[in-house]
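Please read the structure below before turning to the comments.
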Amino acid sequence: MFSNIEAIFLDLGNTLRILVKDPEHMARARGEIVRLLGTDEAPDLFFAKLEARYKEYRKWAFAHLTEAPESEMWTRWLAPEFPPEKVAPLGAELTYQFRQGMGRRVVVDGGREVIEELRRRGYTLGIISNLVGTREIPEWLEAEDYGKYFKSVVLSSTFGKRKPDPSLYFEAARQAAVEPARCVYVGDNLKRDVTGTRAAGFGGIVIMISPEELAEAEITDENRPDRIIHNFRQLLDIFPGR
């Protein structure tokens with residue numbers, strides 16, 4: 001099925017990386033948000049308020065398929081009660097700490113081994129992901145030495161558009177210097193990942209989803225992927241050496 005594929009693009013959240021609840025890590029980040037903004041509210045209570053406001057921001061972002069700059073996200077949605085001239089310059093740091101306040105993100109079991117093997121087999125690798133924040137991923141790629149694996153990295157936070165807008169996929173293929181028809185995308189969302197990949201003319205879409213989630217999902221002609229896997233290691237079963 002994927003005999004003509006040259007490039008494999010990966011989603012991040014719930015595909016290459018997963019969220020792990022770490023109370024100490026989360027408490028430290030939540031406390032830093034309170035300190036940066038200068039509020040005397042309890043960190044956990046204030047963070048709960050931010051999460052509720054973030055849901056409203058996400059509704060806007062999905063409706064417009066747009067990712068707002070961090071300064072705008074905080075001055076308009078997350079912390080509008082604080083002076084914008086104070087909040088705007090802190091946007092990148094606040095977003096980073098907000099993400100850390102949700103937990104630690106770690107690579108899925110076998111993630112590095114699979115990525116190394118796919119590259120050894122001759123595939124060009126890249127990342128396409130909806131993500132707020134401009135600090136987190138570049139720092140992670142450098143700190144854990146993952147940057148060397150990915151020729152193309154397109155994030156909604158830096159590109160400005162969100163999946164399923166096909167422009168992210170076109171840009172990722174352009175950076176990788178591979179025709180869209182010879183690219184495949186690996187994601188976790190049956191709706192936006194499938195429709196965005198199809199709209200961009202990619203040669204295939206693989207969805208990684210647990211058996212439990214799959215049992216509750218409704219597969220239609222619109223959201224049907226080419227392959228379904230349940231764990232990251234299964235990518236090696238469907239992408240042999242080129």
Side-chain angles (χ1 to χ4, degrees), residues 2 5-22 25-26 28-29 67 70 92-93 95-163 168-178 182-189 192-193 196-197 202 204-209 229-242:
F2 296 135
I5 294 300
E6 297 179 12
I8 302 172
F9 293 90
L10 305 172
D11 184 28
L12 288 177
N14 295 321
T15 303
L16 179 57
R17 306 202 307 167
I18 57 174
L19 183 67
V20 175
K21 298 295 183 180
D22 181 334
H25 181 91
M26 295 159 68
R28 187 163 52 247
E67 202 76 80
E70 292 159 301
E93 179 65 18
T95 304
Y96 179 81
Q97 297 299 340
F98 179 65
R99 294 265 300 171
Q100 304 310 305
M102 299 175 187
R104 288 188 299 109
R105 288 166 176 83
V106 300
V107 173
V108 294
D109 182 47
R112 185 182 292 272
E113 293 85 348
V114 170
I115 288 170
E116 288 178 344
E117 178 60 19
L118 289 174
R119 192 173 72 159
R120 190 193 69 79
R121 293 181 181 184
Y123 294 98
T124 297
L125 302 180
I127 291 172
I128 305 172
S129 186
N130 283 349
L131 184 97
V132 295
T134 54
R135 273 189 55 189
E136 179 184 337
I137 300 308
E139 291 182 7
W140 164 69
L141 289 171
E142 181 176 359
E144 298 192 19
D145 199 27
Y146 274 93
K148 63 186 179 184
Y149 299 119
F150 301 109
K151 185 175 181 180
S152 171
V153 177
V154 177
L155 309 172
S156 63
S157 55
T158 53
F159 188 68
K161 303 298 292 184
R162 290 180 65 92
K163 297 181 301 180
L168 285 87
Y169 299 84
F170 290 138
E171 175 60 17
R174 185 195 68 79
Q175 289 183 13
V178 178
R182 294 186 176 274
C183 298
V184 70
Y185 186 61
V186 182
D188 70 298
N189 190 290
R192 62 176 174 268
D193 287 340
T197 304
F202 268 33
I205 171 70
V206 177
I207 291 294
M208 189 171 80
I209 186 172
I229 59 175
H230 302 310
N231 68 75
F232 201 72
R233 292 182 187 273
Q234 288 180 278
L235 290 176
L236 298 181
D237 298 331
I238 57 179
F239 293 107
R242 295 191 61 243

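What's counted below: heavy atoms across the whole structure, side chains too, no hydrogens, waters or symmetry copies. Residue numbers count from 1 along this sequence.
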Check your understanding: Val186 and Ile8: side-chain contact (heavy atoms from CB on, under 4.5 Å), yes or no, with the steps?
Key -> CA-CA 7 Å; Val186 182; Ile8 302 172; 3.9 Å; yes
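Rounded to the nearest 0.5 Å, atoms CD1 (Ile207) and CG (Asp193) are 5.0 Å apart. Leu141 CG to Glu136 CD: the interatomic distance, rounded to the nearest 0.5 Å, is 10.0 Å. Note that CG of Leu235 is 12.0 Å distant from CD of Glu117, once rounded to the nearest 0.5 Å. Trp140 contributes atom CH2, which lies 5.5 Å from atom CZ of Arg17 (distance to the nearest 0.5 angstrom). Once rounded to the nearest 0.5 Å, the distance linking CG of Asp22 with CD of Gln100 reads 10.0 Å. Taking CD1 of Ile128 as the reference point, atom CD of Gln175 lies at 9.5 Å (rounded to 0.5 Å).
Ala29 approaches Gly101 most closely through the heavy-atom pair CB-N, 3.5 Å. Ile5 and Val184 get closest at one heavy-atom pair: CG2-CG1, 3.9 Å. Considering every non-hydrogen atom in both Asp11 and Gly13, the closest pair reads OD2-O, 3.2 Å. Listed here is the closest heavy atom pair of Ile238 and Phe2: O-CD1, 4.0 Å.
Between Arg135 and Thr95, the closest side-chain pair of non-hydrogen atoms is not below 4.5 Å. Contact annotation: the side chain of Tyr149 never approaches that of Leu118 to less than 4.5 Å [non-hydrogen atoms, C-beta and beyond]. Residues Ile18 and Phe232 fail the side-chain proximity criterion, which asks for heavy atoms closer than 4.5 Å. Proximity of Lys161 to Glu171: side-chain heavy atoms (C-beta onward) are nowhere separated by under 4.5 Å. Looking at Met102 and Phe98, their side chains come closer than 4.5 Å, going by heavy atoms from C-beta outward. Here the side chains of Val132 and Glu67 are in contact, with some heavy-atom distance below 4.5 Å. Under the 4.5 Å side-chain criterion, counting only non-hydrogen atoms from C-beta, Val114 is not in contact with Val108. Side-chain contact check for Phe9 versus Thr197: every heavy-atom pair is 4.5 Å or farther apart.
Residues that satisfy the ring pair (Phe, Tyr, Trp, His ring centres under 6.0 Å) test with Tyr96, not counting sequence neighbours, are absent from this structure. Applying the salt bridge (charged side-chain N to carboxylate O under 4.0 Å, His left out) rule to Arg233 yields the partners Asp109; only residues at least two apart in sequence or on another chain are considered. Partners of Tyr169 by ring pair (Phe, Tyr, Trp, His ring centres under 6.0 Å), not counting sequence neighbours, listed by chain and number: Tyr185, Phe202.
Side-chain N or O atoms of Asp188 include none that pairs as donor or acceptor with a backbone N or O of Thr15 at under 3.5 Å. Checked by atom type and distance alone, the side chain of Arg121 pairs as donor or acceptor with a backbone atom of Phe239 at under 3.5 Å. Side-chain atoms of Ser156 do not come within 3.5 Å of backbone N or O of Arg162 as any donor-acceptor pair. Counting only distance, with no hydrogens or angles, the side chain of Ser152 and the backbone of Ala172 share a donor-acceptor pair below 3.5 Å. With hydrogens and angles ignored, the 3.5 Å screen pairs a side-chain donor or acceptor of Asn130 with a backbone N or O of Lys163. Judged by distance alone, with hydrogens and angles left aside, the side-chain atoms of Gln234 form a donor-acceptor pair with the main-chain N or O of Asn231 at under 3.5 Å. The backbone N or O of Lys148 sits less than 3.5 Å from a side-chain atom of Arg119, completing a donor-acceptor pair.
Under a cut-off of 6.0 angstrom, the local environment of CD in Glu113 is crowded, with over 12 non-hydrogen atoms contributed by other residues, nucleotides or ligands.
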